[in-house]
Amino acid sequence: MKYKNFIANKWVDALSGQYVKVIDPSTGQPYAEIARSSAADIDAAVQAAQGASVGAWGKMAPAARSRLLLRLSQALLDQQETLAQIESRDTGKPIKQARSDAAAVARYFEFYAGAVDKLHGTTIPYPHDYTVLTVREPHGVTGHIIPWNYPLQIFGRSVGAALATGNACVVKPAEDACLSILKVAEIAVEVGLPEGTLNICTGLGSEAGAALSAHPGIAHISFTGSPQTGKQVAQAAADHFAPVTLELGGKSPQIVFSDADIDAAVPVLLNAIIQNAGQTCSAGSRLLVQRAIYTDLMGRLAEQFKATRTGAAADDPDCGPLINARQLERVKAFLQEADEAGISVVAQGQLDINAPKGGYYQPPVLLGDVPPSHRLAQEEIFGPVLAAIPFDTEEEALSIANSTPFGLVAGVWTQDGARQLRFARKVRSGQVFINNYGAGGGVELPFGGTGQSGYGREKGFEALYGFTVLKTIAIKH
Ligand code: NAD
């Protein structure tokens, strides 16, 4: 099967005529091809979007735009199973997780459809012979560079908010997983999205992604992926003064104090690192445990790790394969380093005997007593590897939690109300969960990081501010 680009509501070949192979992570075998776009394809997509931005889409009344996006949301929900099947095969995520991602993309469009006609401006007190008001206007054409870990969800959160605010979009999904996004485009045409409103060019990051970041017609870029690539995107965008939202992952800590409800915590701690095989920007990948309960908690968690089953996405295991051979090598290299440093493997999950031989499997690993300054406790592994670190006092926990260059999500487990708030205010993190953890969840909740986790906020109502430009109008009577 060969997949083409989607420009101006038409399926078109990349101008190069070339394709990139799509690999099934569960088997390591190619099963489809996607168009390999170059700067010329991106340019065609930007021109189509510019046409929509000043044409039918740009002129559409907010209420009509809202109704159209609601129709799209319902159509996505109607196709939930189809989208989930595509996403599961393409990313290797267990089918149950893919179903929840497919429901989430519909929910993003529902949420943002509801917000379209509620984004009000303000009036500002000024000398008596003036009336001053602010209005929020779309950027025009927005660019969206999407990673392979949650194609549907990340498409929903950024394109949903951008369309709701009246922008026309050019999307560059990841070469490793983009088929579900192409399916969304097909559904968008069926519900009547005007030509040029949504354009998708597939291909390699160094070609299509770089061309999108550098295109002067792109007025805003939303990027999710690695810090290294995020920096390149921001530098390219700076050349034409386009603002950028960067969501770059993390090394998110979960801090468990000795008064925590351990029964409630254990399944959440496990899920936060095995969800999507640990390939989640907000994975809870560092576990800080107060020493008084360290042995008990680690014992219970070890049982849970050992009971996990890793296997092919279609078999709906607890943990699917990693996305590609490079990612598997990267995770294995981290584990090798742990071994060389004498860091102990407290527990490891089981690999399903039926898991196809060529798949990129790494069963979940629980590492104990990891020195807080070690690479394993500092860098994003992007695999199902949890680094546990004991601590004694609240001050020490805070200092360890804030010791990485990241700051995306934190989880704090304690019954002490004062400590909950004290810690939440001091931990360097874009989101803090108390006595729960929401890796990847919460359409309504503003999300984004500090430091190497990036800047700008997506999700929730907050995202609508990022996808608009505030204009102040001062009228002298
Ligand atoms: P990446 O950052 O290179 O890729 C993310 C997206 O950026 C993809 O769509 C890719 O095609 C595009 N891209 C790549 N090079 C580009 C360029 N020069 N200009 C513009 N766009 C470009 O990530 P990766 O190589 O797939 O993964 C490497 C590491 O990144 C992972 O091990 C993980 O640590 C991290 N990562 C984080 C997230 C996240 O959600 N925060 C997602 C994916 C990967």
Side-chain angles (χ1 to χ4, degrees), residues 20 22-23 25 34-39 42 90-91 93 101 143-155 157-158 170-178 181 200-215 218 221-239 242 244-252 275-283 285 322-334 360 362 375 378-385 404-409 430 439-440 447-449 451-456 458-459:
V20 181
V22 177
I23 311 277
I34 52 165
R36 180 172 172 174
S37 308
S38 62
I42 294 290
D90 210 11
T91 61
K93 69 180 67 191
D101 288 4
H144 304 259
I145 301 178
I146 298 187
W148 39 261
N149 52 347
Y150 289 86
L152 279 175
Q153 285 224 36
I154 294 173
F155 175 89
R157 82 181 186 204
S158 85
V170 178
V171 179
K172 208 306 276 174
E175 48 273 48
D176 286 296
C178 61
I181 292 177
I200 300 169
C201 291
T202 60
L204 305 178
S206 54
E207 298 172 358
L212 181 64
S213 323
H215 199 294
I218 295 289
I221 298 184
S222 162
F223 172 84
T224 303
S226 63
Q228 299 79 350
T229 305
K231 201 190 278 184
Q232 288 175 19
V233 168
Q235 281 166 347
D239 272 345
V244 179
T245 299
L246 296 179
E247 202 273 89
L248 309 176
K251 191 74 180 174
S252 296
Q275 177 181 323
N276 209 34
Q279 302 167 120
T280 303
C281 44
S282 51
S285 54
L322 298 178
I323 188 73
N324 56 29
R326 189 161 55 99
Q327 199 63 24
L328 179 62
E329 270 166 39
R330 177 185 156 86
V331 175
K332 295 248 182 255
F334 271 107
Y360 310 121
Q362 173 57 59
R375 237 162 67 82
Q378 288 286 318
E379 293 184 22
E380 185 173 51
I381 297 175
F382 231 56
V385 180
T404 75
F406 299 103
L408 192 58
V409 178
F447 178 71
Q452 273 190 36
S453 291
Y455 49 77
E458 296 205 285
K459 299 191 176 188

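Whatever order the structure lists them in is the order used to number ligands and atoms, beginning at 1. Worth knowing before you read on, the calculation uses all heavy atoms, side chains too, and leaves out hydrogens, waters and symmetry mates. The first residue in the sequence is number 1, and the count goes up from there.
- For the pairing with I154, the side-chain contact (heavy atoms from CB on, under 4.5 Å) check across P173, C281, S222, P147 returns one residue only, P147.
- Pairing each heavy atom of A237 with each of V244, the nearest pair is CB-CG2, 3.4 Å.
- Between N149 and Q279, the side chains place no donor N or O within less than 3.5 Å of an acceptor N or O (distance only, hydrogens not considered).
- At a threshold of 4.5 Å between non-hydrogen side-chain atoms, the residues F223 and E247 do not count as touching.
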Short N or O separations between ligand 1 and the protein, below 3.5 Å:
residue  : atom   : partner : partner atom : Å
ligand 1 : 2 (O)  : S226    : N            : 2.8
ligand 1 : 2 (O)  : S226    : OG           : 2.8
ligand 1 : 2 (O)  : T229    : OG1          : 3.3
ligand 1 : 3 (O)  : T229    : OG1          : 3.0
ligand 1 : 9 (O)  : I146    : O            : 2.8
ligand 1 : 9 (O)  : K172    : NZ           : 3.4
ligand 1 : 11 (O) : K172    : NZ           : 2.7
ligand 1 : 11 (O) : E175    : OE1          : 2.6
ligand 1 : 11 (O) : G205    : N            : 3.4
ligand 1 : 18 (N) : Q232    : OE1          : 2.9
ligand 1 : 19 (N) : A210    : N            : 3.4
ligand 1 : 25 (O) : R326    : NH2          : 3.4
ligand 1 : 26 (O) : W148    : NE1          : 2.5
ligand 1 : 32 (O) : Q327    : OE1          : 3.2
ligand 1 : 32 (O) : Q327    : NE2          : 3.0
ligand 1 : 32 (O) : R330    : NE           : 3.2
ligand 1 : 34 (O) : E380    : OE1          : 3.1
ligand 1 : 40 (O) : N149    : ND2          : 3.1
ligand 1 : 41 (N) : G225    : O            : 3.4
ligand 1 : 41 (N) : G249    : N            : 3.2

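- Remark: K459 qualifies as a cation-pi partner of F447 under the 6.0 Å distance and 45° angle criteria applied to the six-membered ring.
- A cation-pi contact, defined as under 6.0 Å to the ring centre and within 45° of the axis, links K93 to Y150.
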